[in-house]
Amino acid sequence: VSTQSTGVRCLNAKDESSARHIFKPADKKLDKEKFLDSNEDETELILFVPFTGAVKLKSLSLIGGDNGTAPAHIKVFLNREDIDFSNVEDFSPVQEWDLIEDHTGNVDYLTKFTKFQNVSSITIYVSANFGGPFTRLYYLSFKGEYTHAKREIVKAVYEAKPQPSDHKGVNETHQSNIIQ
């Protein structure tokens with residue numbers, strides 16, 4: 001699953017541009033040089049991640065910081081760009097997880113697969129950590145598959161009463177059957 005790294009943004013991050021650093025190839029997931037930190041004395045983060053196309057998400061995996069700074073609880077929202085701290089509690093998440101402190105990234109958190117179809121973006125709300133003064137993320141990955149579905153406007157015309165003059169090429173001699 002490919003993310004659109006230029007569109008990744010994070011609310012409450014110490015350095016918003018660091019949000020892109022947590023998306024690494026699997027062979028570099030243990031690299032701790034680049035990371036995402038929340039502001040000091042704040043444990044919450046809201047991370048918005050757009051994908052390059054529609055995807056079916058099967059699982060996610062993450063590596064958090066040491067000394068209680070790893071995320072302990074996350075809530076996930078799909079295809080919403082409007083989530084922030086003023087309204088995050090107003091919406092029902094598609095799924096939420098209580099996490100474990102996994103410093104190797106070997107734990108995959110499975111999604112409710114039927115609800116994670118045709119996903120163009122994901123918003124992750126980190127609502128708590130394991131007691132640290134801030135929250136730290138080193139790595140975040142998604143497993144799934146790319147779909148070719150596009151979210152576009154559908155142009156359709158609905159008629160309450162068909163007007164034969166609007167339908168050129170329809171056999172004019174066709175009689176309708178009326179049952180009385």
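The heavy-atom pair separating Leu47 from Leu36 by the smallest distance is CD1-CD2, 4.4 Å. A pairwise comparison of heavy atoms in Cys10 and Ala19 identifies CB-CB, 3.8 Å as the closest pair. Listed here is the closest heavy atom pair of Trp97 and Thr111: CZ2-CA, 4.1 Å.
No single ILVMFWY cluster, assembled from side-chain heavy atoms under 4.5 Å apart, contains both Phe51 and Phe113. Both Val76 and Val119 sit in one connected hydrophobic cluster of ILVMFWY residues. Membership requires side-chain heavy atoms under 4.5 Å apart, directly or through other members. A continuous path of ILVMFWY side-chain contacts below 4.5 Å connects Val55 to Leu140, so both sit in one hydrophobic cluster. Under a hydrophobic clustering in which Ile, Leu, Val, Met, Phe, Trp and Tyr are joined whenever their side-chain heavy atoms come within less than 4.5 Å, directly or via other members, Ile83 and Val49 fall into different clusters. Residues Ile122 and Tyr139 do not share a hydrophobic cluster, clusters being chains of Ile/Leu/Val/Met/Phe/Trp/Tyr side chains in contact below 4.5 Å.
Using a 4.5 Å cut-off on side-chain heavy atoms (C-beta onward), Tyr109 and Ser59 make no contact. Residues Asp37 and Asp15 are not in side-chain contact: their nearest non-hydrogen atoms beyond the backbone lie 4.5 Å or more apart. Looking at heavy atoms from C-beta onward, Glu44 lies in side-chain contact with Phe85 at the 4.5 angstrom threshold.
Counted within 6.0 Å of CG on Asp66, heavy atoms from surrounding residues, nucleotides or ligands total more than 12; the atom is thus considered enclosed.
Between the side chain of Thr123 and the main chain of Arg80, a donor-acceptor pair closer than 3.5 Å is present. Put simply, the side chain of Asn87 gets close to the backbone of Asp84: a donor and an acceptor are under 3.5 Å apart. Judged by distance alone, the side chain of Asn39 and the main-chain N or O of Glu42 form no donor-acceptor pair under 3.5 Å. No donor-acceptor pair closer than 3.5 Å links the side chain of Asp108 to the backbone N or O of Leu110. No donor-acceptor distance shorter than 3.5 angstrom exists from the side chain of Ser38 to the backbone of Asn12, with no hydrogens or angles considered. Put simply, the side chain of Lys29 gets close to the backbone of Gly105: a donor and an acceptor are under 3.5 Å apart. Asn79 contributes a side-chain N or O that, together with a main-chain N or O of Ser121, makes up a donor-acceptor pair within less than 3.5 Å.
Taking the centre and axis of the six-membered ring of Tyr138, the NZ or CZ atom of Lys32 falls inside the cone set by 45° and 6.0 Å.
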Q. Can you check salt bridge (charged side-chain N to carboxylate O under 4.0 Å, His left out) on Glu33 and Lys24, steps first, answer last?
A. CA-CA 12 Å; Glu33 288 183 30; Lys24 306 171 188 174; over 6 Å; no

Q: Please test Phe23 against Phe142 for side-chain contact (heavy atoms from CB on, under 4.5 Å), starting from the C-alpha separation and ending with a verdict.
A: CA-CA 9 Å; Phe23 299 99; Phe142 302 100; 3.7 Å; yes

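Asp102 and Thr104 form a side-chain donor-acceptor contact under 3.5 Å, judged by distance and modelled atom types alone. Judged by distance alone, the side chains of Asn129 and Thr69 never bring a donor and an acceptor atom under 3.5 Å apart.
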